[in-house]
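For reference, the structure is listed below as structure tokens.
Side-chain atoms are counted along with the backbone in the values below, which use heavy atoms only and exclude waters and symmetry mates. In what follows, every chain begins at residue 1, and chains take the letters A, B, ... in the order their sequences are listed.
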Amino acid sequence: MELKDIRREMAGFAKLMNTYDISELELELEGLTMKLKKQAGVSRPVIAEVEAKEAREDNLLTITAPMVGTFYRAPAPDEQPYISVGDVVMPGQTVCIIEAMKIMNEIQSEVQGKVVEILVDNAEPVEYGQPLFILETV
Amino acid sequence: MELKDIRREMAGFAKLMNTYDISELELELEGLTMKLKKQAGVSRPVIAEVEAKEAREDNLLTITAPMVGTFYRAPAPDEQPYISVGDVVMPGQTVCIIEAMKIMNEIQSEVQGKVVEILVDNAEPVEYGQPLFILETV
Amino acid sequence: MSDLSIKKVVVANRGEIAQRIIRAAKELGIKSVALYSEPDRDSLPVAMADEAYCIGPGPGIHSYLNIANIISAALVSGSDAIHPGYGFLAENPYFAEICSSHGIKFVGPNYDAMSRIGSKALAKQIMAECGLDVIPGTPSIIEDMDEAREFAAKYGFPVMIKAQAGGGGKGMRIAYDIDELAECIKFAQAEAEASFGVPGVYLERYFKGAKHVEVQILVDEQGNAIQLGERDCSVQRGHQKLIEESPSPVLDEDIRQAMGRAALQGAKAIGYSNAGTVEFLVDSEGRFYFLEMNARIQVEHPVTELVTGIDIVKAQFIIASGEPLPFRQEDVDVKGHAIECRICAEDPERGFVPTPGVVSRLILPGGPWVRVDTALYQGCYIPPYYDSLIAKVVAWGNSRDEAILRMARALDEFTIEGISTNISFQRRLIGSLAFRQAEICCDSDVLALVFGGRH
Amino acid sequence: MSDLSIKKVVVANRGEIAQRIIRAAKELGIKSVALYSEPDRDSLPVAMADEAYCIGPGPGIHSYLNIANIISAALVSGSDAIHPGYGFLAENPYFAEICSSHGIKFVGPNYDAMSRIGSKALAKQIMAECGLDVIPGTPSIIEDMDEAREFAAKYGFPVMIKAQAGGGGKGMRIAYDIDELAECIKFAQAEAEASFGVPGVYLERYFKGAKHVEVQILVDEQGNAIQLGERDCSVQRGHQKLIEESPSPVLDEDIRQAMGRAALQGAKAIGYSNAGTVEFLVDSEGRFYFLEMNARIQVEHPVTELVTGIDIVKAQFIIASGEPLPFRQEDVDVKGHAIECRICAEDPERGFVPTPGVVSRLILPGGPWVRVDTALYQGCYIPPYYDSLIAKVVAWGNSRDEAILRMARALDEFTIEGISTNISFQRRLIGSLAFRQAEICCDSDVLALVFGGRH
């Protein structure tokens with residue numbers, strides 16, 4: 001292989017790097033070593049996704065808030081919480097209340113699992129999509 | 001496997017990286033090593049360095065302009081150029097003139113080599129550090 | 001801590017206008033609460049605000065139009081006001097009413113004024129009654145084709161068809177002869193239904209070679225009303241504004257004064273308060289007709305700010321707090337000339353198709369008398385769900401010519417990589433002789449101007 | 001294409017001021033040629049200019065001070081003017097003379113005026129002769145300690161020691177009693193020699209609690225002279241300006257008028273033309289004394305631009321082209337208040353050590369009445385060779401309070417990662433009660449103000 005062949009190939013690789021936003025390329029093949037490095041500047045947080053993946057990998061499920069409002073663990077201040085750590089939750093079971101615009105909305109679980117963690121304190125505000133409970137599949 | 005085959009495969013890998021938000025890929029297979037990296041923070045062209053490296057690897061030397069001015073290949077319009085392609089240049093030998101502030105500055109080579117390319121046309125402006133001649137070490 | 005009665009405001013919007021509202025709040029010492037959809041989680045307004053609440057997934061209907069989540073966020077964050085920005089819920093009187101019933105101050109006019117303005121036919125009737133020239137049109141939405149034909153017979157073609165609930169060029173058509181009238185009406189009704197949920201359209205006389213000129217007003221809750229001069233928004237593409245400027249290069253001083261007076265008269269008749277805009281059509285002979293009124297902050301408000309020195313969004317908070325306006329008509333002094341170019345994530349080479357994606361490189365224009373309102377940053381993601389407006393570049397100059405040359409250099413500096421934008425389209429428009437000579441009208445073919453034969 | 005006689009200008013500077021000059025040139029239709037050292041190859045001014053020439057390696061002495069390469073670049077590029085910016089060759093009369101001898105217009109005053117200003121003793125003598133109060137000092141550089149002791153005996157301590165060739169706080173010392181006088185003079189001489197190549201120092205009376213106030217003037221080559229009001233630059237650290245504002249919060253209208261007249265009188269006596277600044281010290285009783293004159297555009301010129309609407313760099317080009325000033329004194333109308341914060345690549349937590357490096361993340365402040373002059377972009381490299389100034393944030397408001405609150409929110413928005421900067425230091429300074437009440441003087445301990453007991 002001659003330099004000019006490599007150069008021609010390099011152009012191809014460089015074009016691909018542009019097309020696919022690749023910033024670094026290293027290649028070794030039969031005595032040839034090629035390293036290409038490009039610009040860039042793009043960063044997109046993926047923490048939420050990563051967490052979700054981790055959760056899946058560990059057989060953990062998360063129940064998130066379907067609306068914005070105030071989180072209540074029990075139907076009334078002097079009553080027992082709907083669920084506590086260690087309880088097994090069934091699909092359709094009410095797990096908490098979220099008060100939104102003065103209306104009490106009962107939140108039901110869509111999944112089955114054992115409660116391993118409650119992430120929000122009673123009477124705290126929650127936003128859309130905020131994790132509320134972590135369940136372990138059983 | 002040839003470089004152009006690798007390039008075709010690389011496109012496929014790159015597409016997958018985009019689809020699945022993969023930022024780094026390393027591969028080893030029967031003597032082939034490939035590393036791909038996506039995204040980063042900083043961009044600074046390295047073309048100059050690459051050229052320099054290539055030049056060194058090929059035993060090529062570059063004479064650059066030590067000052068800003070107008071490049072002349074010969075001491076006067078009706079005279080022979082100091083050097084032409086194919087000539088062997090010795091250290092200390094005058095290779096061109098750069099006119100700066102109405103003063104004619106003789107530029108001497110610091111190295112020894114055979115002239116393989118003259119990169120600037122006669123009477124063209126040159127900036128500091130601009131490559132003028134490429135020599136091959138002999 | 002704010003001296004005003006408003007101490008904490010929910011910003012029920014996104015992008016550059018959310019950022020604009022947060023900036024004004026910060027300067028007044030008002031705490032700000034950003035609301036965001038899931039794809040906007042990493043957006044600048046969220047980072048800038050004192051608090052932030054996710055209110056739903058990407059599509060506007062589930063987030064920025066989700067009244068329950070927005071009101072809830074205001075309540076759980078202990079906010080005492082909501083600023084709606086423009087678009088989304090900004091001109092929804094029911095939303096204003098819900099805010100009010102929860103004890104939250106809606107930064108804008110009250111329900112009654114908003115309702116009157118929202119019904120365009122009623123607004124025109126009120127304006128006509130208080131003595132303004134109103135653009136001739138059918139008195140309400142048309143019920144059958146006979147009505148339409150009758151109107152066309154009286155005023156002649158072309159005829160403009162407009163959605164009752166319209167805005168932003170949606171549900172709008174021009175019929176050039178009797179043969180296409182029925183079809184245009186059908187089209188406009190279908191588009192109106194798709195965009196606003198109601199198919200009603202009405203007809204208006206169409207003026208060739210007209211200019212769109214609007215007057216910015218401020219009215220406090222004590223009834224003090226001032227006008228901040230006009231904006232010329234005649235450079236449009238498909239009824240969507242591209243470039244706005246203040247003052248208008250085509251008004252003479254008499255018309256300017258008359259238009260300002262008319263705007264204040266109309267606002268009074270409507271019972272308006274807070275910042276608003278009265279839109280007029282100026283025909284080729286310099287007569288002006290009331291078009292409609294906008295009950296909100298407008299995209300193009302910065303040009304007025306730069307020539308008057310008055311912060312309109314701050315004024316909105318002051319008014320909504322129940323304070324009297326801190327300046328009077330004689331304090332309003334228009335100095336120089338300001339131009340705004342709307343920068344959109346769209347590809348002019350491919351029919352202005354939206355171009356969501358990641359901004360991989362960004363250099364914003366800056367330096368003397370160049371203002372940029374944008375929530376862009378290098379690495380940010382532009383989601384596909386919303387309006388394609390991503391930045392507003394505003395240039396001020398002592399003269400219109402100076403402002404044009406400044407805008408040209410600002411657009412030359414503006415670098416966005418990763419997505420296509422209309423920056424170079426706007427650059428060519430700003431550099432055109434037609435713009436320089438203020439010859440572009442609402443119905444000018446700006447594509448032909450920019451692309452020439454190529455288009 | 002420019003209507004002026006200058007058609008193409010070489011910008012013999014770097015960073016934000018190079019960019020500022022290119023922007024003005026672009027708006028005037030003047031072609032621009034950027035010059036750059038090797039580490040500045042990827043800088044914004046190089047990208048913005050019409051042409052660019054590398055003039056040497058990093059250290060200023062080999063590039064931005066390399067007169068031969070700069071003149072050569074002007075000649076080979078066919079340029080007819082050179083703008084020196086500030087620093088580097090801006091106040092070097094020999095450079096101006098060399099430009100002139102090569103038929104290149106130096107954008108600034110002529111050799112004679114520059115020479116007179118450059119000799120600070122001569123400048124003070126001329127000013128005294130034309131009737132200005134001049135800060136009491138030794139008539140020339142001191143030759144022996146007896147002279148110094150005599151001066152101190154006459155005016156009392158503390159005594160200010162200043163380099164003849166000085167600027168930017170270099171070669172400056174304050175002696176508080178007779179015991180440290182000799183040592184301070186030795187220090188100042190050594191620093192002056194190291195910084196400027198000449199050790200000469202002179203003594204001045206030192207005023208406690210004084211303010212630094214300077215007047216911006218414009219003089220055309222026909223002799224028409226106007227002043228654009230004053231700038232207060234009293235917020236300093238080690239004689240280096242940190243925050244500048246216009247108008248000064250401490251001048252009353254009589255003093256303001258008198259100072260403006262004095263500045264024009266002095267400029268006339270010097271034979272000055274182009275943009276310049278006349279610096280005064282204002283003592284705690286409101287008397288003002290001529291300090292020195294700066295024969296160049298200044299870092300802090302934007303605050304004057306924002307309150308007057310006059311583009312000073314454009315005016316420099318107009319004057320250098322031989323045109324008369326396009327405005328008169330009565331056209332100058334100061335409106336509102338403007339404040340500038342200098343943002344530097346330096347770490348206030350580690351004794352303000354410079355912090356060169358790569359900017360890995362950048363969010364510039366923006367929006368209404370916030371101007372940023374900077375050559376920063378995300379990914380750019382800040383080389384170690386030059387001044388640490390990397391950005392200027394300027395905020396305008398109708399009142400000083402409004403400008404302060406706006407500056408505070410602008411600094412809150414300003415995000416630079418990858419290197420340390422003084423942004424949060426400036427934010428605390430702007431937010432301090434002492435600044436709000438305009439109590440900071442040239443000799444105030446701003447570090448104590450910001451760091452409190454911690455310092």
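Interface remark: C/A52 contributes backbone atoms only to the contact with chain A (heavy atom separation under 4.5 Å). For C/L75, the part lying near chain A is the side chain, with the backbone staying farther off; criterion is any non-hydrogen pair under 4.5 Å. With a 4.5 angstrom heavy-atom cutoff, C/L35 does not touch chain A via any of its atoms.
The environment of NZ in C/K31 is sparse: at most 12 heavy-atom neighbours from other residues, nucleotides or ligands sit within 6.0 Å. Atom CD of A/Q80 has 12 or fewer neighbouring heavy atoms from other residues, nucleotides or ligands inside a 6.0 Å radius. When the shell of 6.0 Å around CD of A/E110 is examined, it contains 12 or fewer heavy atoms from other residues, nucleotides or ligands. Counting heavy-atom neighbours within 6.0 Å of A/K114 NZ, excluding the residue itself, gives a total of 12 or less.
Residues A/Y128 and C/P57 have side chains in contact (heavy-atom distance under 4.5 Å, counting atoms from C-beta outward). In this structure, A/M101 and C/I98 have side chains that are in contact, with non-hydrogen atoms separated by less than 4.5 Å.
Between atom OG of residue C/S72 and atom CD1 of residue A/I103 there is a gap of 9.0 Å, rounded to the nearest 0.5 Å. Separation of atoms CD (A/E127) and CZ (C/R41) is listed at 6.0 Å; rounding is to 0.5 Å.
Within the 3.5 Å criterion, the main-chain N or O of A/V68 finds a donor-acceptor partner in the side chain of C/N69.
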